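Reviewing the structure listed below.
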Amino acid sequence: MTSNRRALVTGASAGIGEAFARELACRGHDLVLTARRADRLEALAKELRERHAIEAVVAPLDLARPDGPEALVAALDAQGLSIDVLVNNAGYGVTGYFDEQPWPTHAAFIQVLMTAPTELAYRLLPGMKARGYGRIVNVASLAGHVPGSAGHTLYAASKAYLIKFSQSLALEGKGTGVHTTAVCPGFTYSEFHDVTGSRELVSKMPGFMWMDAQTVARQGLDAVEAGKAVYVNGWVNRTIKSLFKLMPDNLALKMVERQGRRFRTGPHNA
């Protein structure tokens, strides 16, 4: 039996995005799946349709396109597909120091991790409010709660933005039936570290620091249903967040600097 609720998941072809798609399907939601890799999306959609008897629509798209979010929402409107649950998950990392990458690389990163989720929320929020129901999940990170480190310069900044953005939307949504949550996982088993070339380095982290993507997704959906504006996954990550919050800023920054040398990739890993 399918639900009348439909969820849009960005970055759904792998990792946490795929886990959210699977968890939403288990809960009876119809799906719109978007990412760049159409073949992976098609395979996932076919599997979930057959396993859960839901509708699963594939919308391949590169959210680095400035017109991407508007084009996606327009296509959904043209098909009469309203979105009740938005999972802004699409993301990646850019390694190296800030000035070592060409500006278009940074511009694309900002578009995917900050502008696109903001615009998708903006374009879908009015319909959610009109129907009296909506859920927006912004996949942030523990990195958004601790000082930024050298290398991956914009990553923590983008996640901190999503946390603050989610808090404001959560407050604005009170009484409308729309809940917004920033989900903040730490180290999660996915392709993220393979893509950034940091798999060997982060594999040195102890096992208790890691979580699986399905747990992150399940906890994230439970959190948005419960109306939590920010949810940090796992007791280890919540402890880290609390410790950094209690530290003086200069001490926290020095600690991040020291730890960052152990897990940095690129020419400054010395």
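None of the values given here were measured: they were computed from a predicted structure.
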Legend entry - Heavy-atom closest contact (I54 atom, L48 atom, distance): CG1-O, 3.7 Å

Inset, instruction - Look at the side-chain heavy atoms of Ile, Leu, Val, Met, Phe, Trp and Tyr, link any pair under 4.5 Å apart, and say whether F244 and L253 land in one connected group. - result: no

Legend entry - Test item: H179 side-chain N/O and V224 main-chain N/O as donor-acceptor pair under 3.5 Å: yes

Legend entry - Exam field: side chain S166 to backbone L162, donor-acceptor pair closer than 3.5 Å: yes

Inset, instruction - Check step by step if side-chain contact (heavy atoms from CB on, under 4.5 Å) holds for R6 and H29. - result: CA-CA 5 Å; R6 179 178 289 105; H29 286 69; over 6 Å; no

Legend entry - F165 and its side-chain contact (heavy atoms from CB on, under 4.5 Å) partner, picked from N88, T180, T118: T118

Inset, instruction - Please name the pair of heavy atoms, one in P60 and one in A38, separated by the smallest distance, quoted to 0.1 Å. - result: CG-CB, 3.6 Å

Legend entry - E55 backbone acceptor or donor facing R49 side chain under 3.5 Å: no

Inset, instruction - May I ask you to say whether D67 pairs ionically with R65, meaning some side-chain N is under 4.0 Å from a carboxylate O? - result: yes

Inset, instruction - Taking all heavy atoms of G17 and all of V9, pick out the closest pair and write down the distance. - result: O-CG1, 3.5 Å

Legend entry - Centroid-centroid under 6.0 Å between Y155 and Y92 rings: no

Inset, instruction - Treating Ile, Leu, Val, Met, Phe, Trp and Tyr as nodes and any side-chain heavy-atom pair under 4.5 angstrom as an edge, say whether F98 and V94 lie in one connected cluster. - result: yes

Inset, instruction - In plain terms, say whether K46 and E42 are close enough for a salt bridge, that is, a side-chain N and a carboxylate O under 4.0 Å apart. - result: no

Inset, instruction - Please confirm whether the backbone N or O of T10 pairs with a side-chain atom of N89, one donor and one acceptor, at under 3.5 Å? - result: yes

Inset, instruction - Keeping the roles fixed (side chain from T181, backbone from V183), state whether a donor-acceptor pair exists under 3.5 Å. - result: no

Legend entry - Interatomic spacing from CZ in R22 to CG in L24 - rounded to 0.5 Å: 12.5 Å

Inset, instruction - Give a yes or no on whether a salt bridge exists between D222 and R27, defined as a side-chain N under 4.0 angstrom from a carboxylate O. - result: yes

Inset, instruction - Please assess C26 against H52 for the test side-chain contact (heavy atoms from CB on, under 4.5 Å), listing each intermediate value before the final yes or no. - result: CA-CA 7 Å; C26 286; H52 300 286; 3.6 Å; yes

Legend entry - Which atom of N233 lies closest to which atom of R238, heavy atoms considered: C-NH1, 4.0 Å

Inset, instruction - Calculate, to the nearest 0.5 Å, the distance between atoms CG and CG belonging to L76 and L124 respectively. - result: 7.5 Å

Legend entry - Main-chain N/O of Y97 paired to T153 side chain as donor or acceptor, under 3.5 Å: no

Legend entry - Check: L61 main-chain N/O paired with R36 side-chain donor or acceptor under 3.5 Å: no

Inset, instruction - Any chance you could measure S158, atom OG, to H152, atom NE2, to the nearest 0.5 Å? - result: 11.5 Å

Legend entry - Over 12 non-hydrogen atoms of neighbours within 6.0 angstrom of CG in D249: no

Inset, instruction - Only pairs at least two apart or in different chains count here, so list each salt bridge (Lys or Arg N to Asp or Glu O under 4.0 Å) that has a residue in residues 124-150. - result: D84-R131, R135-E225

Legend entry - Heavy-atom pair with the smallest gap, counting every atom of L113 and P117: O-CG, 3.3 Å

Legend entry - Spacing of CG belonging to N138 relative to NZ belonging to K159, to within rounding of 0.5 Å: 9.0 Å

Legend entry - Where M247 and A252 come nearest, the two heavy atoms and their spacing: SD-CA, 3.9 Å

Inset, instruction - Report yes or no: do L169 and Y231 belong to one cluster of Ile/Leu/Val/Met/Phe/Trp/Tyr joined by side chain heavy-atom distances under 4.5 Å? - result: no

Legend entry - Inter-residue atom distance D39.CG - L44.CG, 0.5 Å rounding: 11.5 Å

Inset, instruction - Would you check if there is a donor-acceptor pair between the side chains of R40 and S13 at a distance under 3.5 Å? - result: no

Legend entry - Value rounded to 0.5 Å, distance of OG1 in T215 from CE in M211: 5.5 Å

